[in-house]
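Notes for the one structure printed next.
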Amino acid sequence: MKQEQVRMAVLLMLNCFVKATAPPPWPPSASSASFLDDLGDLGIAPLIRADEAATARASADFGNLSVAGVGAPRLAAAAAVLYPSRPADIAALLRASCARPAPFAVSARGCGHSVRGQASAPDGVVVDMASLGRLQGGGARRLAVSVEGRYVDAGGEQLWVDVLRASMAHGLTPVSWTDYLHLTVGGTLSNAGISGQAFRHGPQISNVLELDVITGVGEMVTCSKEKAPDLFDAVLGGLGQFGVITRARIPLAPAPARARWVRFVYTTAAAMTADQERLIAVDRAGGAGAVGGLMDYVEGSVHLNQGLVETWRTQPQPPSPSSSSSSSFFSDADEARVAALAKEAGGVLYFLEGAIYFGGAAGPSAADVDKRMDVLRRELRHERGFVFAQDVAYAGFLDRVHNGELKLRAAGLWDVPHPWLNLFLPRSGVLAFADGVFHGILSRTPAMGPVLIYPMNRNKWDSNMSAVITDDGDEVFYTVGILRSAAAAGDVGRLEEQNDEILGFCEVAGIAYKQYLPYYGSQAEWQKRHFGAKLWPRFVQRKSKYDPKAILSRGQGIFTSPLA
């Protein structure tokens with residue numbers, strides 16, 4: 001196909017995908033012009049755009065850091081965007097790159113919720129995964145529930161909130177979630193997918209039956225623990241390095257109807273973390289104790305110099321007209337009491353956040369939940385008189401963060417830089433971290449966003465998968481999420497410096513952390529700081545097997561050139 005025909009096809013697709021008139025076509029850089037010309041000879045040429053509107057959107061992400069050149073090295077923008085109508089289009093693109101002497105980068109983009117350009121394809125092609133749901137007969141065809149089989153087949157581009165809705169329509173639900181459901185299935189499975197259910201069910205990657213994957217050489221493979229298990233394990237938690245997930249089969253269980261959403265307030269990290277560990281003591285040597293397993297969801301947060309108890313992450317569902325529930329978790333009087341307690345405690349409080357599911361076909365009754373709450377109030381070492389609870393719909397509880405998102409969007413505070421820092425910490429270092437970071441480094445400035453801390457059970461993670469957690473061998477480890485927004489000029493640099501100070505503190509204190517949603521500036525750092533001598537050889541071996549030309553996910557910075 002001649003170049004002018006390619007240009008006309010691109011303009012035709014532009015009219016199909018974008019309602020508004022696009023700006024004039026963006027001329028590709030010299031480094032990318034040659035491979036874009038070559039793509040004109042493929043059947044997927046009409047599905048490719050190279051205009052500035054498309055490439056700018058595909059090169060941006062939720063973090064607003066890397067492409068903007070603040071807080072991280074500036075990454076080159078993508079040269080083009082593929083809008084696939086079927087998985088075979090992605091396979092054709094990867095085969096085309098693989099056939100070139102100098103392969104171009106390819107990266108799958110779901111919702112663009114990475115924070116440091118991890119899903120970018122510098123001078124390459126970004127795959128707009130959402131197009132699979134839009135073009136292949138609509139999203140419904142790529143989201144199918146099997147009631148008899150107790151599973152849902154979901155396209156990699158599908159949002160978890162839509163997986164929830166489709167499953168709940170049959171009285172079923174996945175059991176492991178992220179706290180924010182407006183992310184794609186392929187995106188979270190490429191990292192791990194964690195939230196307060198992980199202590200019982202493991203991360204989302206531990207709850208997958210089967211995958212359809214397109215490897216870096218353009219091979220379309222169906223894999224599971226029984227079929228192509230090495231690829232299955234490599235892709236789950238593999239940071240997009242080994243293949244593009246186009247379908248995942250997720251197991252389902254009977255869905256509860258309601259959730260008793262609770263918060264217990266503590267003045268010390270030691271008291272809260274001890275209670276968290278008692279609550280997650282399930283399937284573990286030594287037994288569950290009086291409170292082990294009483295909650296279905298266990299997390300925790302740190303209240304740091306905040307004027308309000310609520311954060312964007314913990315907004316209750318708006319009540320229905322017939323509901324007697326408040327639209328806020330705390331009354332004005334409660335907020336005043338919590339503020340007074342925080343002042344008395346030196347400005348830092350800890351909230352143990354949990355949920356007990358009930359109702360539905362298999363859930364306990366509301367009376368049973370009341371009995372569990374009596375035990376929890378009696379046995380947990382919280383501040384007496386500081387227990388707060390609210391009954392909400394199960395689906396509403398899972399999707400609660402979206403309410404906070406809508407409020408931030410309305411205020412123009414959602415699409416701001418997000419210099420987030422997510423860590424896995426060894427149990428042995430969590431109290432030292434709390435003392436040095438929560439009561440030290442972070443206490444010097446306003447909170448500027450939620451700070452999470454909660455434990456998980458190591459035995460719920462599969463060590464054959466690519467996700468990296470702490471390697472100290474303790475049966476419990478912690479996740480910490482410092483989820484801050486830089487709304488004012490100058491905030492990004494200051495918060496990034498503070499993140500570096502936190503990591504430096506860990507180094508000096510001997511806290512052997514691992515980053516979740518990691519970012520490192522070089523392959524040497526990835527090898528030393530993230531994978532270590534034990535896991536790096538396996539990661540390299542899998543890369544050489546499934547993406548030997550290092551085409552996939554170069555924005556991660558792990559591999560940027562073909563392997564020898």
Side-chain angles (χ1 to χ4, degrees), residues 1 3 6 10 26-50 54-55 58-59 66-67 73 75-84 86-109 114 117-129 131 156 186 190 213-221 231 234-235 238-246 466 522-523 526-527 539-564:
M1 184 181 288
Q3 185 66 24
V6 175
V10 167
W26 176 61
S29 65
S31 62
S32 60
S34 60
F35 86 73
L36 288 178
D37 288 342
D38 292 345
L39 291 179
D41 297 326
L42 297 177
I44 60 172
L47 304 176
I48 295 174
R49 285 174 54 183
T55 57
S59 300
S66 298
V67 175
L75 295 175
V81 184
L82 172 70
Y83 296 87
R86 55 182 182 164
D89 297 333
I90 305 171
L93 178 72
L94 287 165
R95 288 195 296 269
S97 178
C98 203
R100 291 178 53 82
F104 54 86
V106 175
S107 183
R109 185 184 192 275
S114 58
Q118 291 98 324
S120 63
D123 286 324
V125 180
V126 169
V127 178
D128 184 83
M129 295 296 290
S131 295
S190 294
V213 173
I214 306 173
T215 69
V217 297
E219 183 181 7
M220 301 174 70
V221 182
L231 177 61
V235 168
L239 304 175
Q241 294 298 306
F242 310 110
V244 177
I245 298 172
T246 59
S466 292
S522 68
Q523 186 182 90
W526 277 101
Q527 179 178 352
F539 202 81
V540 173
Q541 185 273 333
R542 286 173 166 173
K543 186 71 171 179
S544 66
K545 184 176 180 181
Y546 301 116
D547 184 26
K549 295 193 175 182
I551 293 169
L552 292 168
S553 298
R554 291 184 190 170
Q556 293 277 6
I558 308 174
F559 301 98
T560 56
S561 59
L563 279 70

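Atom set for the values below is all heavy atoms of this structure, side chains included, hydrogens, waters and symmetry mates excluded.
When each of L93, L552, V127, T246 is tested with I214 by the rule side chain to side chain contact (heavy atoms under 4.5 Å, CB included), just one qualifies, namely T246. Here the rule is side chain to side chain contact (heavy atoms under 4.5 Å, CB included) with T215, and of D547, L231, I551, V235 only L231 fits it.
Annotation: the span from T55 atom OG1 to D123 atom CG amounts to 10.5 Å, rounded to 0.5 Å. Once rounded to the nearest 0.5 Å, the distance linking NZ of K549 with CZ of R100 reads 10.5 Å. In this structure, M220 CE and L94 CG are separated by 10.5 Å, a value rounded to the nearest 0.5 Å. A distance of 11.0 Å separates CD of E219 from SG of C98, quoted to the nearest 0.5 Å.
Taking all atoms of both residues into account, the shortest heavy-atom contact from A92 to I44 is CB-CG2, 4.2 Å. Taking every heavy atom of both residues into account, R554 and P103 meet most closely at NH2-O, 3.0 Å. Heavy atoms only, all atoms of each residue included: A119 and S107 are closest at O-OG, 2.7 Å. Counting all heavy atoms, side chain and backbone alike, P84 lies closest to L47 at CA-CD1, 4.3 Å. Contact record, I558 with L239: CD1-CD1, 3.9 Å, taken as the closest heavy-atom pair. Nearest heavy atom pair, residue V213 against residue G243, reads CG1-CA, 3.7 Å.
Taking the six-membered ring where tryptophan is involved, the planes of F539 and F559 are essentially parallel, since the angle between them stays under 30° and well short of 60°.
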Go through the steps for V244 and M129 under the test side chain to side chain contact (heavy atoms under 4.5 Å, CB included), then give the verdict. CA-CA 10 Å; V244 177; M129 295 296 290; 3.8 Å; yes
Run Q523 and T560 through side chain to side chain contact (heavy atoms under 4.5 Å, CB included) and show every step you take. CA-CA 9 Å; Q523 186 182 90; T560 56; over 6 Å; no
